[in-house]
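Along the sequence shown, residues are numbered consecutively beginning with 1. In this text the structure is predicted, and so the values were computed from the model without any measurement. Indexing begins at 1, ligand by ligand and atom by atom, following the structure's order.
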Amino acid sequence: MTLLVHYHEIGLKGKNRARFEQILLQRIRDALAGTGARVSRLTGRILVREVPEAQLEEVERRLERVFGIAYFAVVREVPIDFDGIARVGLELLPEDTTSFRVSAKRANKRLPFTSPEAERAIGARIVRATGLPVRLKGADVEVHVEFFEEVAWVYTSRTRRAGPGGLPVGASGKVVVLLSGGIDSPVAAWRMMKRGARAVFVHFHSYPHTDYYSAVKSKKTVEVLADWQGESKLYLVPLAKVQEEIFARCPERYRTLLYRRFMLRIAEAIAEQEDAKALVTGDALGQVASQTLENMHAVGRAVRMLVLRPLVGMDKTEVIEAAKRIGTYEISILPQQDCCSFLEPKRPATRSTPEDLDRAEAALDIPALVRLALEGAEVLRIPPSHLRSAADGQDPEAPAKLLT
Ligand code: ATP
Ligand code: MG
């Protein structure tokens, strides 16, 4: 079977466009690895050929997760001949069709007819055969005909499926995402991926002050996100020592904010190693004490690197809805011992300044603590589900193994 993949070309010009197409092609090839499909690039479209019928559902499921794809459809390839095209159009029209229209596009501008002429000619033949009414606006079924070189591709609006849109992962460079185990940060990561950024994940745990389960959860979350962006890297970083030092040497009310500052610093060091250009958090304005404008500013001043907060203007209900669509929600709501609720201050500061925090952490050897955390980091490479062995995903001992 053959599928035709469309992407939005708006705003894509010259060199950018060729790069976008090249990256999208590669992302689709990666996503369809093992299905037997052959992927090729044409002007303005991507064609997926030789999809075995038994694999169609799987191929469609994976294409729905490739950023950059606007929509796609299984197509029939027909020689350029109005009678033949109309016959295929008829075959594709569902039994219950109440009205239709033909929509034609020409990639080949040398054809001896215009798109409206083709629409009328093919439409008239379908009317003769069925007596169905044509509705140019609000047709029940649209018969799409795309002319390309020697052939036309025919499909209907009923079988067309939407892709996630956006830009293919890699088109916008790399970011480091601070992934907590909560609901928000996976959604923040997803939004950056959708804009073409490859996400490298960093999770901080307080083991042995808390159990290791938050790290296991973050791994499970990255497994879901790997189905969207392909193989993903996850750094598991021990924060226990940093937290002990902050607990012993810094004013209680700034504790959470100082944990956050260290998270940003450590993430920044990882971003430099990874050649990533920004840090990403799941902060939303005013959601908790650490996410007031003042505190976000004061925390953010610990690093020079750009800190992006793609959820800053979203409500929790919007984030939850997004998390459900992405597939991370069910994992995020599992209970965990949060590293930041560890030794949480009773009255956290809601309006700190950068200077307050500088003073609060003056007694700490910051570079040494950052170095220590980096030295203790574990790095996992997490492939998308179709490249993980079945046993890997289902192993009931997996969390325990992670602990060792
Ligand atoms: P989330 O749902 O992502 O946990 P939240 O609204 O609960 O967000 P906080 O827990 O205050 O907010 O964390 C704010 C942001 O700080 C998170 O979205 C995440 O980017 C980062 N963060 C917090 N804790 C961790 C952690 N343990 N490891 C990595 N990043 C973290
Ligand atoms: Mg949280």
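Contact atoms of ligand 1 toward Asp184: 1 (P), 2 (O), 3 (O), 5 (P), 6 (O), 8 (O) (distance under 4.0 Å to a heavy atom of the residue). When each atom of ligand 1 is checked for a heavy atom of Ser290 under 4.0 Å away, the hits are 11 (O). For ligand 1, the atoms lying closer than 4.0 Å to a non-hydrogen atom of Ile183 are 2 (O). Counting atoms of ligand 1 from 1 in the listed order, those under 4.0 Å from a heavy atom of Gly282 are 17 (C), 18 (O), 20 (O). Residue contact check: Leu179 has heavy atoms under 4.0 Å from atoms 28 (N), 29 (C), 30 (N) of ligand 1. Residue contact check: Gln287 has heavy atoms under 4.0 Å from atoms 5 (P), 6 (O) of ligand 1. Contact atoms of ligand 1 toward Gly182: 1 (P), 2 (O), 4 (O) (distance under 4.0 Å to a heavy atom of the residue).
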Fill in: side-chain hydrogen bond (donor to acceptor under 3.5 Å, both in side chains) assessment of His6 paired with Glu146
CA-CA 11 Å; His6 286 242; Glu146 299 196 17; 2.8 Å; yes
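Annotation: cation-pi pair Arg160/Tyr71 present, NZ/CZ under 6.0 Å from the ring centroid and within 45° of its normal.
Between the side chains of Glu142 and Ser103, at least one donor-acceptor pair of N or O atoms lies under 3.5 Å. Side-chain atoms of Ser385 and Asp227 include a donor-acceptor pair closer than 3.5 Å.
Checked by distance only, ligand 1 and Phe204 come closer than 3.5 Å through their nitrogen or oxygen atoms. Of the polar atoms of Val202, none of the N or O atoms is found under 3.5 Å from an N or O of ligand 1, judged by distance alone. Backbone and side-chain nitrogen or oxygen atoms of Val280 are examined, and none is located within less than 3.5 angstrom of a nitrogen or oxygen of ligand 1. Taking distance alone, with nitrogen or oxygen atoms compared against 3.5 Å, Thr281 stays at or beyond that limit from ligand 1.
With sequence neighbours left out, the salt bridge (charged side-chain N to carboxylate O under 4.0 Å, His left out) criterion links Lys324 to no other residue. The ring pair (Phe, Tyr, Trp, His ring centres under 6.0 Å) test applied to Trp190 returns Phe67, Trp228, not counting sequence neighbours.
Between Ser218 and Phe201 there is no side-chain heavy-atom pair separated by less than 4.5 Å.
Between His144 and Tyr155, the two ring planes are parallel [angle under 30°; tilted spans 30° to 60°].
The shell of residues lying under 4.0 angstrom from ligand 1, judged by heavy atoms, excludes His205.
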